[in-house]
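To keep things clear, I will list the structure first and then write my remarks on it.
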Amino acid sequence: MNYWLMKSEPETFGIEHLQRAPRHTHCWDGVRNYQARNYMRDSMRIGDQAFFYHSNCNPPGIVGIIEICSESYPDYTAFDPDSKYYDPKSSPDKSRWFMRDVKFIKKFSNIISIAELRANKELHQMVILKPGNRLSITPITDKEWQMVLKML
DNA sequence: GCCAACGTTGGC
DNA sequence: GCCAACGTTGGC
């Protein structure tokens, strides 16, 4: 089992959206970066868990835990000209982008802010804390996973 | 296949 | 809203 960190803007799709979704489950659409796509398409496994990270908000940080609950399948928002995720170079025949379904597991009573993550010396290797990193999906080591949970 | 221009991300 | 750091695009 692998661990991940998945970013989303709370105004677009926050952890409350997932919590309220039918069966606590929703697709994770809109990934338009090849590395993040490869993680999602090739590296994730059903049952992997991920931190849900709220970005572009105040404060940004980890707000809960979700679980990967489907295999990867074509991200159909790329086929829809009206979608903000539309990509004319992706087609149902030959999809460029993929997604998976994720399930709400838990919302933390307090956010673990990026400032707190940065202040934790044990987490200096976390991909998301490295300068200039913008990947929306990043792997988390077992050690990092445990350490973050200790910060609750 | 180089690389300049452009668009996006996201913390601050 | 600023802007640095990236990724992508497309002319050549």
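By convention in this document, chain letters (A, B, ...) are assigned in the order of the sequence lines, proteins followed by strands, and residues within each chain are numbered from 1.
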query: Which nucleotide sits closest to the side chain of Arg134(A): dA5(C), dT8(C), dG10(B)?
result: dA5(C)

field: Aromatic centroids of Trp97(A) and Tyr34(A) separated by under 6.0 Å
entry: yes

message: I'd like to know if Glu16(A) pairs up with Lys107(A) as an ion pair, taking the criterion as any Lys NZ or Arg NE/NH1/NH2 lying under 4.0 Å from an Asp or Glu carboxylate oxygen.
response: yes

- request: Rounded to the nearest angstrom, tell me the gap between atom CG in Asn38(A) and atom P in dG7(C).
  value: 13 Å

query: To the nearest angstrom, how far is Glu11(A) atom CD from dG10(B) atom C1'?
result: 13 Å

- prompt: Thinking salt bridges, do Arg32(A) and Asp75(A) make one under a 4.0 Å N-O criterion?
  reply: yes

message: Distance check needed: dG11(B) P versus Ile128(A) CD1, whole Å only.
response: 7 Å

message: Applying the ring-ring contact (aromatic ring centres under 6.0 Å, His included) criterion to Trp28(A), which one of Phe98(A), Phe52(A), Phe104(A), Tyr85(A) satisfies it?
response: Phe52(A)

message: What contact category does Arg118(A) fall into here, base, sugar-phosphate, or nothing, at under 4.0 angstrom with non-hydrogen atoms?
response: sugar-phosphate

- line: Asn133(A) atom CG is separated from dC6(C) atom P, nearest whole Å, by 8 Å

field: Rounded distance in Å - CD (Gln35(A)) to C1' (dT8(C))
entry: 15 Å

- request: Quickly work out the Trp97(A) CH2 to dT8(C) C1' distance and round it to whole Å.
  value: 10 Å

task: Please figure out whether Arg96(A) or Asn56(A) has its closest DNA chain C nucleotide nearer the 5' end.
output: Asn56(A)

- prompt: Roughly, in whole Å, what's the span from NZ in Lys89(A) to P in dT9(C)?
  reply: 5 Å

query: Tell me: NE2 of His54(A) to P of dG11(B), nearest whole Å?
result: 12 Å

query: Counting only side-chain N and O atoms of Tyr53(A), is one of them less than 4.0 Å from OP1 or OP2 of dG11(B)?
result: yes

